[in-house]
Amino acid sequence: EPEVTQTPSHQVTQMGQEVILRCVPISNHLYFYWYRQILGQKVEFLVSFYNNEISEKSEIFDDQFSVERPDGSNFTLKIRSTKLEDSAMYFCASSKTADSYEQYFGPGTRLTVT
Amino acid sequence: GQNIDQPTEMTATEGAIVQINCTYQTSGFNGLFWYQQHAGEAPTFLSYNVLDGLEEKGRFSSFLSRSKGYSYLLLKELQMKDSASYLCAVRDPGAGSYQLTFGKGTKLSVIP
């Protein structure tokens, strides 16, 4: 069964450093998402992406964040200058269409900012 | 604003039935979702309701009442592997067509 993959599974970085989290969505999906989950808290929407541009973004997704689809398979989330409060699990998800009833989540990248 | 409420924790016995409730207040509504999340893992899709009524899928059923802003997830014949967090999520066109807004999740512990 096709699945969303994410790398790395765990990333440790120092405050102020740039990180890039990578995702490979399911191949025939057209909509891509990033969510984050701070330890012990709820899953929060960050951004959605379609047709090579951002469709929606939340208040969390400020100028420090950016997304890109550099080739036909990868979907990346960049945090330019990490802060301690960026420490969280970051989930990539994809869906076939915007109103698909199912978004498929990847296994997540645990980002630890020290 | 949006508000999605569900109990923080529940405990149930193996083989029993448990009902996890979710209430929501959103400016719009375009579907309610239930996801299962084991500790340290990704959420996995369980069910979707957009019309009132009960959707059954094996041991799992989900119910929706749009007029009451209420849903529940029913798990039958509980197994130890059902110990997980259960996340209620709503798609609210007022917040954005694509995104899911999640509740804080209900941590279910299944005991022998």
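Throughout, protein chains are lettered first and strands after them, A, B, ... in sequence-line order, and every chain is numbered starting at 1. Side chains included, hydrogens not; waters and symmetry mates left out as well; all remaining heavy atoms used.
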Assess whether atom CD of A:Gln14 is packed by more than 12 heavy atoms of other residues, nucleotides or ligands within 6.0 Å. no

Under 4.5 Å from any heavy atom of chain A, what part of B:Leu100 do you find: side chain, backbone, both or neither? both

Among B:Gly105, B:Ser47, B:Gly103, who wins on heavy-atom pairs under 4.5 Å with chain A? B:Gly103

Verify same cluster id: A:Tyr31, A:Phe49 (apolar side-chain graph, 4.5 Å): no

Which residue, A:Glu44, A:Glu56, A:Lys57, forms the side-chain contact (heavy atoms from CB on, under 4.5 Å) with B:Gln99? A:Glu56

Can you tell me if A:Leu39 has over 12 outside heavy atoms packed within less than 6.0 Å of its CG? no

Establish whether B:Val110 and B:Val18 are linked, either directly or via other cluster members, by ILVMFWY side-chain heavy-atom contacts under 4.5 Å. yes

Atom of A:Gln103, atom of B:Tyr35 and distance for their closest heavy-atom approach: O-OH, 3.0 Å

Is the number of heavy atoms from other residues, nucleotides or ligands within 6.0 Å of CD (B:Glu77) greater than 12? no

Over 12 foreign heavy atoms within 6.0 Å of NZ, B:Lys81: no

Residues of residues 38-46 of chain B with a heavy atom under 4.5 Å from any heavy atom of chain A, in residue-number order, are B:Gly40, B:Glu41, B:Ala42, B:Pro43, B:Phe45

How about A:Asp71: does its CG atom have over 12 heavy atoms from other parts shown lying under 6.0 Å from it? yes

Out of curiosity, does A:Phe75 fall in the hydrophobic cluster containing A:Ile26 (side-chain heavy atoms, cut-off under 4.5 Å, transitive links)? no

Between the NZ atom in A:Lys42 and the CG atom in B:Leu87, the distance rounded to the nearest 0.5 Å is 11.5 Å

Any chain of hydrophobic side-chain contacts (each under 4.5 Å) joining B:Leu73 to B:Tyr24? yes

Chain B contact via A:Tyr35 - side chain, backbone, both or neither, heavy atoms under 4.5 Å: side chain

